[in-house]
Amino acid sequence: FPYFFAIWDSGVLLAEYILKDLKSLKGKTVLELGAGTGISGIALALNSDCRVIFTDYEEYSCRLCRHNCEINNLHNFDTVTADWRDFPEINENIDIVICSDVLYEKKQVAPLFNVLNSFLQRKIPVYLADPGRAYIGQFLQLVKDSGYSIKASKEKDVKENKLLSETNIYVIENQQS
């Protein structure tokens, strides 16, 4: 099954969390890693008038993000096919990095950390959603060992008093001077 083709609950919960947590993204540039369908970035753009750069390893996913933006009448976006093992230079001022449900394989831990570390070193905050994948602990240990702060929140999707899903949202920041 192509992972990038599904709308994952964690992506929706991530967007909801960011929209509650941040006062405004208007005029900001959001970089979404492992965008898949682009659900998180599209939700942010529709609700806050921000620019979104969607990245994914799969070219088809980037085309899907582009299509989903167009049918939602969004114009302030770009797509970049990107491999975390050799991440391209993004020649824009990024204000926030987001990623959702991206740690489903062990081989993704170190490359993802290296990409995020490059943004954290520039004091760009990272919002990561994870529904409890096996490798989140390994990833968070790398974050802690690097001295970054982590704020965790468990977000729930509840409808008619029924718990549909849970996702942990991690806000990772460089608060070092």
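Sequence positions, counted from 1, serve as the residue numbers for this chain.
The cluster map of Ile, Leu, Val, Met, Phe, Trp and Tyr, joined by side-chain heavy atoms under 4.5 Å apart, puts Tyr170 and Leu14 in different clusters. When the side chains of ILVMFWY residues are joined at heavy-atom separations under 4.5 Å, either directly or via intervening members, Val97 and Val102 end up in a single hydrophobic cluster. Placement of Ile98 and Tyr104 in two distinct hydrophobic clusters is found when ILVMFWY residues are connected by side-chain heavy-atom separations under 4.5 Å, directly or transitively. In the hydrophobic cluster analysis, where Ile, Leu, Val, Met, Phe, Trp and Tyr join through side-chain heavy atoms closer than 4.5 angstrom, Val126 is grouped together with Phe87. A continuous path of Ile, Leu, Val, Met, Phe, Trp and Tyr side chains, each step under 4.5 Å between heavy atoms, connects Ile136 with Val109, placing both in one hydrophobic cluster.
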### Task
Quick one: do Glu58 and Thr81 satisfy side-chain contact (heavy atoms from CB on, under 4.5 Å)? Show the steps, please.
CA-CA 6 Å; Glu58 300 287 344; Thr81 303; over 6 Å; no
### Message
For Ser100 and Ser10: C-alpha separation, side-chain torsions, deciding distance, then whether side-chain hydrogen bond (donor to acceptor under 3.5 Å, both in side chains) applies.
### Response
CA-CA 6 Å; Ser100 176; Ser10 56; 3.0 Å; yes
### Task
Assess whether side-chain contact (heavy atoms from CB on, under 4.5 Å) is satisfied between Asp95 and Ile124, documenting all intermediate values.
CA-CA 6 Å; Asp95 296 294; Ile124 298 168; over 6 Å; no
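Looking only at distances, a side-chain donor or acceptor of Glu32 sits under 3.5 Å from a matching main-chain atom of Gly41. The backbone N or O of Lys26 lies less than 3.5 Å from no partner atom in the side chain of Asp49, so there is not a single donor-acceptor pair. Between the side chain of Ser61 and the backbone N or O of Gly36 there is at least one donor-acceptor pair closer than 3.5 Å. Side-chain atoms of Asn72 do not come within 3.5 Å of backbone N or O of Leu74 as any donor-acceptor pair. Gln176 contributes a side-chain N or O that, together with a main-chain N or O of Gly147, makes up a donor-acceptor pair within less than 3.5 Å. Formation of a donor-acceptor pair under 3.5 Å by the Ser40 side chain with backbone atoms of Gly11 is found in this model.
No side-chain heavy atom of Gln108 sits less than 4.5 Å from a side-chain heavy atom of Tyr135. Side chains of Val52 and Ile42 form no contact here, defined as non-hydrogen atoms less than 4.5 Å apart. For the pair Cys69/Phe54, a side-chain contact is recorded, criterion being any heavy-atom separation below 4.5 Å from C-beta on. Side-chain atoms of Asp130 and Thr167, non-hydrogen and from C-beta on, never get closer than 4.5 Å to each other. Within the 4.5 Å cutoff, no side-chain heavy atoms of Val80 are placed close to those of Cys62. Counting heavy atoms from C-beta outward, Leu112 and Leu33 have side chains that approach closer than 4.5 Å. For the pair Leu128/Ile169, no side-chain contact is recorded, criterion being any heavy-atom separation below 4.5 Å from C-beta on. Between Thr55 and Leu31, the closest side-chain pair of non-hydrogen atoms falls below 4.5 Å.
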Return all side-chain donor-acceptor pairs below 3.5 angstrom for residues 115-122, not counting sequence neighbours, or 'none' if the list is empty.
| from | atom 1 | to | atom 2 | distance (Å) |
| --- | --- | --- | --- | --- |
| Asn117 | OD1 | Tyr148 | OH | 2.4 |
| Ser118 | OG | Val115 | O | 2.6 |
| Arg122 | NE | Ser118 | O | 3.1 |

Check residues 137-146 and write down every donor-acceptor pair under 3.5 Å in which the side-chain atom is one partner and the other belongs to a residue at least two apart or another chain.
| from | atom 1 | to | atom 2 | distance (Å) |
| --- | --- | --- | --- | --- |
| Gln141 | NE2 | Asp145 | OD1 | 2.8 |
| Ser146 | OG | Leu142 | O | 3.0 |

Report all side-chain donor-acceptor pairs from residues 15-22 shorter than 3.5 Å, counting only partners two or more places apart or in another chain.
| from | atom 1 | to | atom 2 | distance (Å) |
| --- | --- | --- | --- | --- |
| Lys20 | NZ | Glu155 | OE1 | 3.4 |
| Asp21 | OD2 | Tyr127 | OH | 2.6 |

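For NZ of Lys123, the number of neighbouring non-hydrogen atoms (other residues, nucleotides, ligands) closer than 6.0 Å is greater than 12. Within 6.0 Å of atom OH in Tyr57, 12 or fewer heavy atoms from other residues, nucleotides or ligands are found, so the atom counts as exposed in its surroundings.
In this structure, Asp86 CG and Asn114 CG are separated by 11.5 Å, a value rounded to the nearest 0.5 Å. In this structure, the separation between CG on Leu44 and CD1 on Ile96 is 7.0 Å, given to the nearest 0.5 Å. Expressed to the nearest 0.5 Å, how far CD of Glu173 lies from OG of Ser149 amounts to 5.0 Å. Note that NZ of Lys28 is 10.5 Å distant from CG of Asn93, once rounded to the nearest 0.5 Å.
Checked against side-chain hydrogen bond (donor to acceptor under 3.5 Å, both in side chains), Lys154 has the following partners two or more places apart in sequence or in another chain: Asn168. Residues forming a salt bridge (charged side-chain N to carboxylate O under 4.0 Å, His left out) with Arg66 (at least two apart in sequence, or on another chain): none. Residues satisfying the salt bridge (charged side-chain N to carboxylate O under 4.0 Å, His left out) test with Glu92, not counting sequence neighbours, are Arg51.
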